[in-house]
Amino acid sequence: MTHHTLSNAQDRDSHDTLASYRNEFYIPANTIYMDGNSLGLLSKRAEQTLHDLLNSWKTLGIDGWTEGEHPWFYLSEQVGEKMAPLVGGFKGEVIATGSTTTNLHQLVSTFYKPDGNKTKILADELNFPSDIYALKSQLQLKGYDPDIHLIRVKSRDGRYLLEEDIIDAMTDDVALIVLPAVLYRSGQILDMEKLTKAANERNIPIGFDLCHSIGAVEHSLHDWGTDFAFWCTYKHLNGGPGSVGGLFVHEKHFGMAPGLTGWFGSKKESQFDMEHTMDPALDSGAYQIGTPHVLSLAPVIGSLDMFEEVGISAIRAKSLELTGYMLKLIEQELGGMEFTIGNPIDENRGGHVLLEHKEAARICKALKEDGVIPDFRAPNGIRLAPVALYNTFEDVWHTIQKLKVIMDEKRYEKFENKRGVVA
Ligand SMILES: *Cc1c(COP(=O)(O)O)cnc(C)c1O
């Protein structure tokens with residue numbers, strides 16, 4: 001087995017064709033940032049487009065809707081078009097709007113059509129809580145008891161889901177399927193193509209939450225025939241806290257009436273006719289509701305430029321190298337310290353590594369004290385995300401070295417083993 005050293009990390013950095021992008025980001029001082037899957041960092045380009053849009057308001061007033069470099073009236077469609085390659089969608093299938101949770105509400109309102117005995121929503125027991133809350137409330141709004149009508153596929157080991165188990169649960173009483181693309185804890189990538197195929201064969205609409213996959217892994221939603229998807233832009237897409245999210249609706253559903261309507265879902269040309277009968281856009285634009293959050297969309301424009309330039313396949317390739325390198329270092333340096341790797345070690349892993357340890361909460365605090373920003377997930381998870389556009393192999397090296405010292409010297413013992421308010 002090769003022994004990995006600091007100079008070998010530095011060597012990999014010197015051969016990295018994406019290395020220059022690190023200079024485009026603001027890296028917090030004296031910090032190794034390993035939390036880009038929770039909140040991506042600010043780039044100079046995102047800062048620039050935020051300033052540009054602020055300036056268009058300053059100099060144009062209301063004319064900013066139709067004038068300037070980025071007229072606000074068409075911005076959601078334009079940013080949608082820029083995001084489309086990241087999900088494998090066509091122009092018109094993707095729109096920048098809302099947030100993950102509001103987009104999920106919109107899409108369930110649109111695609112969940114209980115009929116006779118077909119009333120159930122199929123989800124999984126490992127999904128992010130907000131998605132589950134949204135699904136339960138949608139069932140309640142339609143008069144169904146979530147304890148009976150929300151099916152959550154079980155994980156056999158508490159970490160991963162088996163596609164076979166999910167497909168077995170696609171029974172005749174299921175009216176809608178909503179699943180994560182990448183699990184937020186274990187980083188497992190679900191086989192979206194296989195799941196979509198099975199759902200399509202059974203005529204059950206299927207949608208994916210791409211929060212942990214967009215900007216980190218590749219998707220072919222259009223070709224797979226996936227019905228819908230939704231995501232945020234503040235994780236791997238580096239759009240900033242609360243930046244505007246996105247959604248995808250497959251072309252085969254164009255013309256389908258939105259469940260939640262508002263005037264920004266209108267055809268652009270007729271929106272300002274101010275009729276009381278809505279004339280919805282024929283594509284994914286129909287699923288917008290009200291006035292776009294222009295200032296929260298602004299940084300996304302600059303950030304996406306880099307994804308356009310580099311392409312998602314090069315980003316994914318470097319991400320796999322970084323996490324692969326991290327996994328090797330964990331094996332080399334942290335043996336016998338009671339860590340368990342909680343992510344798939346093969347290419348079914350997304351953009352982060354999950355280390356499990358019973359002292360995880362306070363190990364995270366000790367890492368932070370030492371300048372490494374991890375992400376704690378209760379009860380025992382340390383998530384580490386080396387991000388292709390701004391992290392280095394040397395960052396990965398130092399992260400694992402610091403972790404080793406913290407464990408060797410039991411530095412975590414001075415902290416309480418409890419999470420912070422935001423973890
Ligand atoms: C981050 C995340 C969310 C957050 O939803 P918001 O509406 O943006 O707050 C929801 N679901 C998943 C799977 C996430 O990873």
Side-chain angles (χ1 to χ4, degrees), residues 65-66 70-115 121 131 134-135 137-138 141-142 175-178 196 199-200 203-210 214 219 221-222 224-233 243-294 296-297 300:
W65 283 107
T66 50
H70 300 289
W72 314 329
F73 192 56
Y74 305 100
L75 203 52
S76 307
E77 284 76 11
Q78 278 168 6
V79 175
E81 195 178 338
K82 269 166 108 75
M83 283 193 284
L86 299 177
V87 302
F90 290 155
K91 174 174 153 60
E93 286 181 321
V94 178
I95 187 85
T97 189
S99 68
T100 311
T101 314
T102 62
N103 289 339
L104 173 57
H105 274 294
Q106 168 66 295
L107 293 161
V108 177
S109 302
T110 305
F111 282 90
Y112 176 52
K113 295 182 170 154
D115 182 22
I121 298 182
D131 298 46
L135 295 175
S137 73
Q138 286 285 335
L141 281 170
K142 293 241 165 48
L176 183 74
I177 305 167
V178 178
T196 296
N200 284 349
N203 273 319
I204 311 171
I206 185 167
F208 292 99
D209 180 328
L210 310 187
I214 191 164
H219 310 76
L221 297 181
H222 179 90
W224 294 335
T226 304
D227 296 286
F228 64 90
F230 53 98
W231 56 87
C232 66
T233 58
S243 54
V244 172
L247 64 80
F248 161 93
V249 171
H250 197 283
E251 191 182 29
K252 65 189 171 189
H253 297 300
F254 281 7
M256 189 170 184
L260 304 176
T261 46
W263 72 321
F264 263 81
S266 301
K267 280 185 190 141
K268 288 276 176 240
E269 6 8 308
S270 57
Q271 179 175 340
F272 276 86
D273 291 348
M274 305 308 246
E275 294 293 339
H276 276 193
T277 303
M278 187 179 166
D279 185 14
L282 293 175
D283 57 14
S284 63
Y287 306 98
Q288 301 175 81
I289 301 175
T291 304
H293 302 177
V294 172
S296 299
L297 193 49
V300 182

**OP:** Work out which heavy atom in Trp224 is nearest to a heavy atom in Asn200; give both atom names and the distance.
**Re:** O-ND2, 3.8 Å
Subject >> Donor on one side chain, acceptor on other, Thr196 and Thr226, under 3.5 Å >> reply: yes
**OP:** Could you check Asp131, Leu210, Thr97, Val108 and say which one makes a side-chain contact (heavy atoms from CB on, under 4.5 Å) with Phe230?
**Re:** Asp131
Original post:
Side chain of Gln288, backbone of Gly285: donor and acceptor closer than 3.5 Å?
Top reply: yes
**OP:** Could you tell me which residues satisfy ring-ring contact (aromatic ring centres under 6.0 Å, His included) with His293, sequence neighbours excluded, listed by chain and number?
**Re:** none
**OP:** Kindly say whether Tyr287 contributes a backbone atom to a donor-acceptor pair with the side chain of Gln106 at under 3.5 angstrom?
**Re:** yes
**OP:** Check salt bridge (charged side-chain N to carboxylate O under 4.0 Å, His left out) between Lys142 and all other residues, then give those that pass, not counting sequence neighbours.
**Re:** none
Subject >> Donor-acceptor contact below 3.5 Å, side chain Thr110 vs main chain Gly259 >> reply: yes
Original post:
Partners of Tyr74 by ring-ring contact (aromatic ring centres under 6.0 Å, His included), sequence neighbours excluded?
Top reply: none
Subject >> Contacts of type salt bridge (charged side-chain N to carboxylate O under 4.0 Å, His left out), residue Lys252, not counting sequence neighbours >> reply: Asp227
Subject >> NE2 on His250 to CZ on Phe90, rounded to 0.5 Å >> reply: 7.5 Å
**OP:** Rounded to the nearest 0.5 Å, what's the gap from CG on Leu282 to CD on Glu251? Could you check?
**Re:** 12.0 Å
Original post:
Ignoring hydrogens and geometry, is there a side-chain-to-backbone donor-acceptor pair from Asp209 to Val178 under 3.5 Å?
Top reply: no
Subject >> Any donor-acceptor N/O pair, Ser284 side chain to Val249 backbone, under 3.5 Å >> reply: no
Original post:
Is there any side-chain hydrogen bond (donor to acceptor under 3.5 Å, both in side chains) pair reaching into residues 79-96, and which pairs are they, with sequence neighbours excluded?
Top reply: Lys82-Asp305, Lys82-Glu308, Glu93-His222
**OP:** Ignoring hydrogens and angles, tell me if any N or O in the side chain of Ser270 forms a donor-acceptor pair with the backbone of Asp273 under 3.5 Å.
**Re:** no
**OP:** Could you list the residues that satisfy ring-ring contact (aromatic ring centres under 6.0 Å, His included) with Phe111, not counting sequence neighbours?
**Re:** Phe228, His253
**OP:** To the nearest 0.5 angstrom, please state how far the CG atom of Asn103 sits from the CZ atom of Phe248.
**Re:** 14.0 Å
